[in-house]
Asks: 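Following this message is one structure expressed as C-alpha cells.
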Protein chains: 2
Amino acid sequence: MPRVVDAEQRRRELAGAVWRVIRRDGVAGASVRSVAREAGTSMGALRHWFPTQDALLHFAMTLVSENVRARIEGVVRGGGPPAAQVLAVLEETLPLDEERRAEGEVWLALTARALVDDELAALRDRAAAELRQLCALVLDALADAGAVRDGLDTELETERLYAVLDGLALHALIRPTTLPAARVRAVLEVHLAGLRDTR
Amino acid sequence: MPRVVDAEQRRRELAGAVWRVIRRDGVAGASVRSVAREAGTSMGALRHWFPTQDALLHFAMTLVSENVRARIEGVVRGGGPPAAQVLAVLEETLPLDEERRAEGEVWLALTARALVDDELAALRDRAAAELRQLCALVLDALADAGAVRDGLDTELETERLYAVLDGLALHALIRPTTLPAARVRAVLEVHLAGLRDTR
DNA sequence: TCTTTGATAGCACAGTTGTGCTACTTTGCG
DNA sequence: CGCAAAGTAGCACAACTGTGCTATCAAAGA
C-alpha cells in the first residue's frame, strides 16, 4: 500500500469519517467498525492511527475547535471595519451553513458525552475558555471603536455575550427552520447594538 | 407481590433510576440491565412498564419538562411583585442546585441523542417551544409593569432572552465552578435591566 | 376457594461492541 | 535485490446489548 505522505492528513481523513457517522447515527453509532466502514478501510488500519476508540473521538473533538479557530483567524486576517469584523468573527462560531452545522452537531454530541468522559471534558473546557476569551476580545474591540457605552460590567457582559452566542448556536442547531440564519444574525446585531447608548 | 397503587408513580420511580444512571454513566450507559439494577428490580419488571428502551428514555425526557413546568406554576401561584416573580420563573429553568442540575444533565444528554432519534426530537421541540413561549410571556409581563422601553422588536427580544437563558443553562452546567449560581443570576438581572431605558 | 389479572423474574437468542493479536501487503532505503 | 518498516486486513475473544418469551408469584374478584 502507498505510504501516506502526511500522517496528520490521514488522521484527519479518518476523523472526517467519524464526523459523518456521528451526524448520521449519533455518537452511539460511532463504533470502530462503522467508522472503518465509512472511511472505506479496516478495523486494523483504524487502530493503527488511533490506539483506542476514545482517542478517535477526542481527535474528532479537537478538530471542531481547530476548524473554528482557523476560520476566525482567517476573518481577522481579512481585515475590514471593526463592527463588521466583530459580527463576522462571532458568526463563525454559529451553525449557519452546512459545514458549520456539521461541526455543531458533533460538538453537541461530544459535549453531552463529556459529562461522563473526563478527557473529553478537558477538551471541551479548553474550547469553552477560548470562546469566552473571544467574547472578551470582541467587547474590547467594540469599546476601542467607541461602540460600547460607559458603566458596563465587562466581566458580566462577557458572560452575557457568551451565553447569547452559545444559546443561539444551540437553537440554530435544533430548530433550523423556525430560526433561520438571517434571524440569528438579527438577534446578534440587536445584542451588539444594545451595548451602546440607547436613544 | 404487592400490587402497585399508582401505575404512574411506579413509572416515575423507574424513570428516576434512568436519571441516576444517565448522570453516572451517560446515555450510553443507560442499558435495560443497568437501569433495572439501579432500580433494584429485574429486566422483566422494567419491560412490563416500558415495552422498549426508547419508551423508557422518552418518558425520562418528558419528566424533565414536566418538573420544570410544575415548578414554574408553583412560582406563579406563589405570587409576589412582578419583577421578582419574573426572575424566579426564569431561574427555575436553570441548573442552579443539585436537583435542577440533574435535570440539566439529563436534558443535555437526551437533547444530543435527539439529533438521531425522531421521537425524542419531537419531545425536545415541544419543550423548546414551551420555553420560548415562556420568554414571550415574561417580556409581556415586564411590558405591562412598565419595565420595558418602547421600540423594541418583541419577537427578536424573545429570541434573545431565550438564547441567554439556554446559554446560561449550558454554561452553568459545564462550568459550575467558574460560573456559580450568583453569577448566573447577576447576568440574568443585567439582561432584564437592559430592557428598560438606560440612563 | 378457585380463577383471573397485575407484576416480577430471568433465561435464550442473535447481534454488536472494543480491543488484542497475527498475518499479510506495499513501500522506501541500502 | 533484499530487508526493515509502515500500513492494512480481519479473525478471536469475552463482554455486553435489546427484546422475545416463559415461568412464577401475589393479590383481587367471584
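In what follows, every chain begins at residue 1, and chains take the letters A, B, ... in the order their sequences are listed.
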Asks: Can you check whether A:Thr52 has a side-chain N or O nearer than 4.0 Å to OP1 or OP2 of C:dG18?
Replies: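 Answer no for this pair, as no side-chain N or O of A:Thr52 is under 4.0 Å from OP1 or OP2.
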Asks: Separation of B:Gln53 atom CD from D:dT19 atom P, in whole Å?
Replies: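 My rounded result for the distance is 6 Å.
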Asks: Taking the nucleotide of DNA chain D with the closest heavy atom to each, which residue, A:Leu46 or A:Met43, is nearer the 5' end?
Replies: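 Going by which nucleotide is closer to the 5' end, it is A:Leu46.
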Asks: Flag yes if A:Leu90 and A:Trp107 sit in one hydrophobic cluster, no otherwise; membership is Ile, Leu, Val, Met, Phe, Trp, Tyr, and two members link when side-chain heavy atoms are under 4.5 Å apart.
Replies: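 Shared cluster, no.
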Asks: Taking OP1 and OP2 of C:dT16, is either one under 4.0 Å from a side-chain nitrogen or oxygen of A:Ser31?
Replies: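 A:Ser31 to C:dT16 OP1/OP2: no side-chain N or O under 4.0 Å.
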Asks: Quick one: A:Leu57 CG to C:dT19 C1', roughly how many Å, whole number?
Replies: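 So the CG-C1' distance, A:Leu57 to C:dT19, works out to 15 Å.
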Asks: Rounded to whole Å, how long is the line connecting atom CG of A:Leu14 with atom P of D:dG7?
Replies: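 Computing the A:Leu14:CG to D:dG7:P distance gives 12 Å.
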Asks: Step through the shown structure and confirm whether more than 12 heavy atoms of other residues, nucleotides or ligands are within 6.0 Å of CZ on A:Arg126.
Replies: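 Check fails, neighbour count at 12 or below.
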Asks: Would you say A:Arg37 reaches C:dT16's phosphate, i.e. side-chain N/O to OP1/OP2 under 4.0 Å?
Replies: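 Checking A:Arg37 against C:dT16: no side-chain N or O falls below 4.0 Å of OP1 or OP2.
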Asks: Would you say C:dG6 has OP1 or OP2 under 4.0 Å from some side-chain N or O of B:Trp49?
Replies: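 So the side-chain polar atoms of B:Trp49 never come under 4.0 Å of the phosphate oxygens OP1 or OP2 of C:dG6.
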Asks: Let's see if you can work this out: which of C:dC11, C:dG18, C:dA7 has an atom nearest to the side-chain heavy atoms of B:His48?
Replies: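 Among C:dC11, C:dG18, C:dA7, the one nearest the side chain of B:His48 is C:dA7.
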Asks: Using the rule that Ile, Leu, Val, Met, Phe, Trp and Tyr join whenever any side-chain heavy atoms are under 4.5 Å apart, tell me whether A:Leu94 and A:Trp19 fall into a single cluster.
Replies: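 Cluster IDs for A:Leu94 and A:Trp19 differ.
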Asks: For B:Arg47 and D:dC21, is the shortest distance between a side-chain N/O and OP1 or OP2 below 4.0 Å?
Replies: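 The answer is no; no side-chain N or O of B:Arg47 sits under 4.0 Å from OP1 or OP2.
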Asks: Decide salt bridge (Lys or Arg N to Asp or Glu O under 4.0 Å) for B:Glu92 and B:Arg69; before the verdict, give the C-alpha distance in whole Å, the side-chain angles of both, and the deciding distance to 0.1 Å.
Replies: CA-CA 9 Å; B:Glu92 287 302 337; B:Arg69 194 176 341 172; over 6 Å; no
Asks: Quick one: on DNA chain D, does A:Gly40 or B:Ser34 contact a more 5' nucleotide (nearest heavy atom)?
Replies: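 Result: A:Gly40.
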Asks: If I take atom CZ in residue A:Arg11 and atom P in nucleotide D:dG7, what distance separates them, rounded to the nearest angstrom?
Replies: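 Atom CZ in A:Arg11 sits about 12 Å away from atom P in D:dG7.
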Asks: Figure out the CZ/P separation between A:Arg33 and D:dT17, and round it to whole Å.
Replies: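 Result: 16 Å.
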Asks: I want to confirm an ordering. Mapping A:Ala28 and A:Pro51 to their closest nucleotides on DNA chain C, which one lands closer to the 5' end?
Replies: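 The answer here is A:Ala28.
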